[in-house]
Number of protein chains: 2
Amino acid sequence: MTQLSPLTRKLSAFVALSPADLSTLARFDQRRRTFLCGHQLVHEGQRNASAFVLSDGWVCSYKILPDGERQIVDFQIPGDFLGLRSILFRTSDHTVEAITRIQASEVLAADIFDAFENAPRLATAVLWAASRDEAMVVEHLVNLGRRPADVRMAHFLLELATRLHLVGVGDRTGFTCPLTQYHLADALGLTAVHVNRVLRLLREAGLVTFQKGRVTFNDFNGLVALAGFDTGYLDQDGPLLR
Amino acid sequence: MTQLSPLTRKLSAFVALSPADLSTLARFDQRRRTFLCGHQLVHEGQRNASAFVLSDGWVCSYKILPDGERQIVDFQIPGDFLGLRSILFRTSDHTVEAITRIQASEVLAADIFDAFENAPRLATAVLWAASRDEAMVVEHLVNLGRRPADVRMAHFLLELATRLHLVGVGDRTGFTCPLTQYHLADALGLTAVHVNRVLRLLREAGLVTFQKGRVTFNDFNGLVALAGFDTGYLDQDGPLLR
DNA sequence: CGAACCTTTGAGCGTCCTCAACCTGCGTGG
DNA sequence: CCACGCAGGTTGAGGACGCTCAAAGGTTCG
């Protein structure tokens, strides 16, 4: 099981892939390259940007506002596609940047379209992954629109834990996490100062601890209750197509 | 031009469709039905939900939180797909509800997959439409995360005007709009009371007037400047594939 | 003609922001 | 080896934006 790439592992949780599908999928991950922390794989306004599959490390995608403020739209972890949405756009509407040193493989639009023609099951799985990414953005939007800061933070950490679990990282006790409080602030629509206070509150309430690059769940069920967290939108109750 | 359906009109702005594509596309709009205001075409938790193409009227899609609060994720106008994202999901993660009396046609998953096999150009256009929808959700997220209430409102109204324009409704002077201040509040993450105050501010500043079911732009350029509005993410600079 | 829904306005309050200072750990260079 | 710079984290004080609660007027539709 540890042999499987994170992407294979994730897609297999949704669709049972044939050996042929698996070999087509393996081609997505052929041109694997290493990028340094801070490298921008795609930048806002770039024309004919590529897509990638992330195999190791953490990435974030964000937009910059006219006043220089940043809103992080999503974080990507191993097994996630990068820049898939904009593959049909003339210019990219967002930036994709490595948070850690990462490994990623470029995926050409042709690879995707080829899969649609020759591996419909795999294509379905890719569409499912894209739909799931969008569902996460939607849930993130709900988070920003209607939840107070502490609940927002709780929900965010639980989603991250759930996503990581699906690709075999971390467990109910916690996970290692390279994000800074600035990352959290820019993702959650808060200031870094307020993020710090919220984290203190959650820690003092005995729910989670976010320190020294590690998230520790001190009371997982309590956190789920606070966040009103329901994994439904992640749609990972086991393979749909067998 | 008025003969074209809104969907055809929208997709044609991106891809030049062949007569064969157009006839396949026409099949999406065969089972046209009328639904009353308030009807839920899809509801949260529904299993094996359908997708639709909206040909007339306005629709909103939203999620309800445990405490009963509502977050509207997006509004759909003629030419938009409804529930496309969840077509691969076991259960729908959101509700789709008519705001006015509407006309919409059910699109079966099979229709979509059939298009992928037999009308690759059309399939590309559908994927583009889905990507554009996602880009709008992302911009909405940025709106909630990083913009103050007045700018948020200004940006929202401008996006709506731009989308309507693409399907042939309204112009730079304004458009008719069936939304209530409660709809605006639930979309923008504000309360209806505050929405009312913000609308008054914008009106008194001579920028927009939102009254009696009509949005009137009193100073379009001023509003664009306030919102920092850039249509880039809507990707509608004319056909990409000819 | 009444009821439900929508809009409008006021007063007071709380969450989250701003500004500011200080601390820690770490890498770099003198 | 220490000096320094810098990124990240922590805490306090004060203020603003948007919320809550409340009430009343307008509009639409059965």
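Letters A, B, ... mirror the listed sequences (proteins, then strands); counts begin at 1.
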Subject >> B:N196 side-chain N/O to C:dT7 phosphate OP1/OP2 under 4.0 Å >> reply: no
**OP:** Compute the centroid of each ring, for A:F156 and then for A:F75, and state whether the two points are separated by less than 6.0 Å.
**Re:** yes
Original post:
Do any of residues 148-156 of chain A sit with a heavy atom less than 4.0 Å from DNA chain C, and if so which?
Top reply: A:P148, A:A149
Original post:
A:V73 and A:Y62: side chain to side chain contact (heavy atoms under 4.5 Å, CB included), yes or no, with the steps?
Top reply: CA-CA 5 Å; A:V73 174; A:Y62 60 82; 5.6 Å; no
**OP:** Taking only Lys NZ, Arg NE, NH1 and NH2, and the carboxylate oxygens of Asp or Glu, determine whether B:D74 and B:R163 approach each other closer than 4.0 Å.
**Re:** yes
Original post:
If you check the B:V193 side chain, which of C:dC6, D:dA22, D:dG18 turns out closest?
Top reply: D:dA22
**OP:** Select base, sugar-phosphate, or nothing to describe what B:V198 touches, counting heavy atoms under 4.0 Å on all strands.
**Re:** nothing
**OP:** Select base, sugar-phosphate, or nothing to describe what B:G213 touches, counting heavy atoms under 4.0 Å on all strands.
**Re:** nothing
**OP:** Among B:T173, B:D171, B:V208, B:L158, find the residue that satisfies the side-chain contact (heavy atoms from CB on, under 4.5 Å) test when tested with B:F220.
**Re:** B:L158
Original post:
Tell me: CD of A:Q211 to C1' of D:dG8, nearest whole Å?
Top reply: 13 Å
Subject >> Separation of atom CG in A:L184 from atom P in D:dG8, rounded to whole Å >> reply: 12 Å
Original post:
Is the shortest side-chain N/O distance from A:T191 to OP1 or OP2 of C:dC16 below 4.0 Å?
Top reply: no
**OP:** Measure the distance from CG on A:L199 to P on C:dC16 and round it to the nearest whole Å.
**Re:** 13 Å
Original post:
For A:E69 and C:dC17, what is the distance between atoms CD and C1' respectively, to the nearest whole Å?
Top reply: 11 Å
Original post:
Counting distance only, does the side-chain N/O of B:Q76 pair as donor-acceptor with the main-chain N or O of B:L54 below 3.5 Å?
Top reply: no
Original post:
Should the pair B:H155 and B:F229 be assigned to parallel (<30°), tilted (30 to 60°) or perpendicular (>60°) ring geometry?
Top reply: perpendicular
Original post:
Per the salt bridge (charged side-chain N to carboxylate O under 4.0 Å, His left out) rule, which among B:K10, B:R85, B:R9 passes with B:D80?
Top reply: B:K10
Subject >> Distance test, side-chain N/O of B:Q181 to OP1/OP2 of C:dC5, below 4.0 Å >> reply: no
**OP:** Classify the ring geometry between B:F52 and B:F35 as parallel (under 30°), tilted (30 to 60°) or perpendicular (over 60°).
**Re:** perpendicular
Original post:
For B:D186 and D:dG18, what is the distance between atoms CG and C1' respectively, to the nearest whole Å?
Top reply: 15 Å
**OP:** Could you tell me which residues satisfy salt bridge (charged side-chain N to carboxylate O under 4.0 Å, His left out) with B:E97, sequence neighbours excluded, listed by chain and number?
**Re:** none
**OP:** Please report, rounded to the nearest Å, how far the C1' atom of D:dC17 is from the CG atom of A:L190.
**Re:** 15 Å
Original post:
Atom CZ of B:R203 to atom C1' of C:dT7: distance rounded to whole Å?
Top reply: 10 Å
Original post:
Just to confirm, is there a sub-4.0 Å distance from OP1 or OP2 of C:dT8 to any side-chain nitrogen or oxygen of B:R200?
Top reply: no
Subject >> Rounded interatomic separation in angstrom, taking OH from A:Y182 and P from D:dC6 >> reply: 14 Å
Original post:
If you pin A:K212 and A:R197 to their nearest nucleotides in DNA chain C, which one's is more 5'?
Top reply: A:R197
Original post:
Taking five pairs at each end of the helix from C:dC1-D:dG30 to C:dG30-D:dC1, what angle separates the two helix axes (nearest 10°)?
Top reply: 40°
**OP:** Decide, yes or no, whether a salt bridge links B:E106 with B:R33 under the criterion of side-chain N to carboxylate O below 4.0 Å.
**Re:** no
